[in-house]
Amino acid sequence: MTAPSITVSETPLVLYTLRRADDALILGHRLSEWCGHAPMLEEDMALSNMALDLIGQARELYGYAAKVEGRDNDEDKLAYLRDVRQYRNLLLVERPNGDFAQTMVRQLFYAAFADLYWRGMMGSTDATLAAIAAKSEKECAYHLRHASEWVIRLGDGTDESHARAQAAVDDLWAYTGEMFSVDDSERGLIDAGVAIDPTMLLPEWLSIVSHVAREATLVMPENDWMQQGGRDGRHSEHLGHLLSELQYMQRSFPGATW
């Protein structure tokens, strides 16, 4: 008998925290898929370490969400026992790894945002979120530097690597707008000083990403139409496949310990 999905009381603060936790968990899982498959041993270790950073961030955020909710859920239940529609991560982070250029461009787009976001969140009126932000920002700063160097290397490399990097930029661009969206639930937390307004980060994010693109001889898309839905639980088919692997042990052997 498989473990059933849990229910979660999604108050504004719980929902907000779950969204950030889900971003970190899903992207961490995606990066972990490169373990043993990266183009070189050093990069294999780097991607695995970044995956661990993100999963560590997810643990802190899930733990806090469980504490705020005040029920019998914990970090493991929130990670492993929710249905796909209960996940609130960005559509960007659930995109398949594709080739190495696809992974690095996705990492650039997300890390450029996350570094700015967690830096701003260090001033949150919520002491726990501010502490999580202080740790996460240091990690995301490295993730951004690492991804930037690789995108420049790929874009300004061979004809093949340039073409793959440009294709990744074109493919993933429409998933970046969701990072800067705000709904009514989050707006209240912004007004209270608990969260920061991500729309204020867009100009600096564009500056960072555009600078890397110029160095990489890549062309930034002009299309301003953006995909939405992840924050509301509307996902691509890719997340369901990812969760079937991520949740397998806890679903098949509920409460197993070792």
Side-chain angles (χ1 to χ4, degrees), residues 20-63 75-82 84 87 89-115 118 132 135-155 157-158 160-161 164-165 167-169 171-172 175 212 230 235-253 256-258:
R20 273 68 202 176
D22 290 345
D23 288 345
L25 178 68
I26 300 305
L27 184 56
H29 186 82
R30 279 293 187 222
L31 292 181
S32 75
E33 293 173 348
W34 275 103
C35 186
H37 301 281
M40 62 186 71
L41 181 60
E42 183 179 1
E43 190 59 24
D44 204 301
M45 296 172 63
L47 289 169
S48 296
N49 281 326
M50 288 191 289
L52 287 172
D53 287 341
L54 290 164
I55 292 169
Q57 293 172 22
R59 287 193 63 190
E60 295 290 336
L61 290 161
Y62 283 136
E75 63 184 70
D76 288 332
K77 289 181 180 179
L78 291 173
Y80 296 121
L81 296 179
R82 284 181 297 149
V84 62
Y87 278 77
N89 57 276
L90 298 165
L91 295 175
L92 175 67
V93 300
E94 70 191 49
R95 298 298 297 167
N97 286 332
D99 59 23
F100 190 65
Q102 190 91 358
T103 292
M104 284 299 113
V105 170
R106 183 189 61 198
Q107 192 67 19
L108 170 66
F109 287 165
Y110 178 78
F113 170 78
D115 183 46
W118 290 125
I132 293 172
K135 176 179 179 293
S136 300
E137 190 279 329
K138 295 182 178 67
E139 296 167 340
C140 290
Y142 165 72
H143 298 180
L144 173 59
R145 184 169 68 252
H146 182 88
S148 298
E149 291 172 354
W150 266 112
V151 170
I152 292 170
R153 189 179 305 175
L154 293 167
T158 66
E160 178 70 16
S161 69
R164 288 176 180 264
V169 170
D171 179 55
L172 294 171
Y175 296 93
V212 173
H235 296 281
S236 67
E237 70 275 15
H238 304 298
L239 183 62
H241 294 302
L242 183 153
L243 292 178
S244 68
E245 179 179 317
L246 186 150
Q247 296 184 343
Y248 172 76
M249 286 295 292
Q250 279 298 320
R251 292 286 191 178
S252 300
F253 305 98
T257 59
W258 56 85

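Along the sequence shown, residues carry numbers from 1.
Leu31 places none of its side-chain heavy atoms less than 4.5 Å from the side chain of Ser48. Looking at heavy atoms from C-beta onward, Arg95 lies in side-chain contact with Leu172 at the 4.5 angstrom threshold.
Between Val84 and Gly240, the shortest heavy-atom distance links the atoms CG2-N, 4.1 Å. The minimum heavy-atom distance between Gln57 and Cys140, with the atom names listed, is NE2-SG, 3.9 Å. The two atoms that bring Leu90 and Val93 nearest to each other are O-CG2, 3.2 Å, heavy atoms only. Between Ala21 and Ala58, the shortest heavy-atom distance links the atoms O-CB, 3.6 Å. Here the closest non-hydrogen pair linking Ala38 and Leu47 is CB-CD1, 4.1 Å. Across all non-hydrogen atoms, the minimal contact from Ala79 to Leu25 is CB-CD2, 4.0 Å.
When each of Leu54, Asn49, Leu108 is paired with His143, the side-chain contact (heavy atoms from CB on, under 4.5 Å) condition holds for Leu54 and for no other.
Side-chain contact, His29 with Glu94: no donor N or O sits under 3.5 Å from an acceptor N or O. Residues Gln102 and Asp171 bring a donor and an acceptor atom of their side chains to less than 3.5 Å of each other.
Remark: Arg106 CZ to Met104 CE distance equals 8.5 Å, nearest 0.5 Å. Of the inter-residue distances, the one linking Glu43 atom CD with Met50 atom CE reads 6.0 Å to the nearest 0.5 angstrom. With rounding to the nearest 0.5 angstrom, the OH atom of Tyr87 is 9.0 Å from the CG atom of Leu242. The distance from the OG1 atom of Thr103 to the CD atom of Glu33 is 9.0 Å, given to the nearest 0.5 Å. Distance check, rounded to the nearest 0.5 Å: CG of Leu81 to CZ of Arg251 gives 5.0 Å. With rounding to the nearest 0.5 Å, the separation of OH in Tyr80 from OH in Tyr248 is 14.5 Å.
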Exercise. Might you work through the side chain to side chain contact (heavy atoms under 4.5 Å, CB included) test for Arg59 and Tyr62, ending with a clear yes or no?
Key: CA-CA 5 Å; Arg59 287 193 63 190; Tyr62 283 136; 5.9 Å; no
Practice problem: Could you walk me through whether Arg153 and Glu149 pass salt bridge (charged side-chain N to carboxylate O under 4.0 Å, His left out), step by step? | Solution: CA-CA 6 Å; Arg153 189 179 305 175; Glu149 291 172 354; 5.1 Å; no
Exercise. Would you check, one step at a time, whether the test side chain to side chain contact (heavy atoms under 4.5 Å, CB included) holds for Ile26 with Leu239?
Key: CA-CA 8 Å; Ile26 300 305; Leu239 183 62; 3.8 Å; yes
Self-check item: Candidate pair Trp118 and Arg20, rule side chain to side chain contact (heavy atoms under 4.5 Å, CB included), full reasoning
Solution: CA-CA 10 Å; Trp118 290 125; Arg20 273 68 202 176; 4.0 Å; yes
Quiz item: Please walk me through it: do Leu91 and His235 pass side chain to side chain contact (heavy atoms under 4.5 Å, CB included)?
Solution: CA-CA 7 Å; Leu91 295 175; His235 296 281; 4.1 Å; yes
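Evaluation of the ring pair (Phe, Tyr, Trp, His ring centres under 6.0 Å) test over residues 89-112, restricted to residues two or more places apart or in two chains, returns Trp34-Phe100, Phe100-Trp150, Phe109-Trp173, Phe109-Trp205.
Other residues, nucleotides and ligands place no more than 12 heavy atoms under 6.0 Å from the NE2 atom of His241.
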